Participant: 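One structure follows; several queries about it will come next.
On a predicted model such as this, the values are computed, not experimentally measured, just so you know.
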Amino acid sequence: AKAIVVAGGVPLPAGIASFGNAPSAAIPALGLITVIGILSGYGFALIGRVCHLTGTSSYREAWKASVGEPSSWIPAWSVTLKTIFAVLAYSMILGETFQSL
């Protein structure tokens, strides 16, 4: 969720300005941010609920308890790759920001 807010929120004003100069152009952008936030919150709530129901405390343990041991590497690697891509997105945003200064 933080990756979406930072990577999507920082360039949002420029994106809205390039899409439309009218103030009403912010309405679809705010709608999309709201929908993404709701879906993200729902996903986190589901993960928490599965952890509670399986009596586990991590995403990988919950996967192992509900799906099985052989594929428990999938959530661990997906979280790792998401983190790598988030760091890449942050560095691109910071590079673009500081380049114009």
Participant: Heavy atoms only: give me the nearest S72-W63 pair and the separation to one decimal.
Facilitator: CA-CD1, 3.5 Å

Participant: What distance separates R60 CZ from S71 OG, expressed to the nearest 0.5 Å?
Facilitator: 10.0 Å

Participant: Does F85 share a hydrophobic cluster with Y90, counting links as ILVMFWY side-chain heavy atoms below 4.5 Å and allowing steps through other members?
Facilitator: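 No, F85 and Y90 fall in different hydrophobic clusters.
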
Participant: Mind jotting down which residue pairs meet the salt bridge (charged side-chain N to carboxylate O under 4.0 Å, His left out) criterion with at least one end in residues 63-80? Sequence neighbours excluded, please.
Facilitator: K64-E69

Participant: Taking all non-hydrogen atoms of both residues, which atom of C51 and which atom of A62 are closest, and how far apart?
Facilitator: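 Smallest interatomic distance, heavy atoms only, reads SG-CB, 3.8 Å.
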
Participant: In chain order, what residues pass the side-chain hydrogen bond (donor to acceptor under 3.5 Å, both in side chains) check against S91, with sequence neighbours excluded?
Facilitator: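 side-chain hydrogen bond (donor to acceptor under 3.5 Å, both in side chains) check on S91 returns nothing, list empty.
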
Participant: How many angstroms lie between CH2 in W73 and OG1 in T80, if you round to the nearest 0.5 Å?
Facilitator: 11.5 Å

Participant: Quick one: CG on L46 to CG on L53, what's the gap to the nearest 0.5 Å?
Facilitator: 10.5 Å

Participant: Look at the side-chain heavy atoms of Ile, Leu, Val, Met, Phe, Trp and Tyr, link any pair under 4.5 Å apart, and say whether I74 and W77 land in one connected group.
Facilitator: yes

Participant: Working to the nearest 0.5 angstrom, can you tell me the gap between L39 CG and T34 OG1?
Facilitator: 11.0 Å

Participant: Sequence neighbours left out, what passes side-chain hydrogen bond (donor to acceptor under 3.5 Å, both in side chains) with T54? Give chain and number order.
Facilitator: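 side-chain hydrogen bond (donor to acceptor under 3.5 Å, both in side chains) check on T54 returns T56.
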
Participant: Please walk me through it: do S78 and L81 pass side-chain contact (heavy atoms from CB on, under 4.5 Å)?
Facilitator: CA-CA 5 Å; S78 66; L81 288 174; 5.9 Å; no

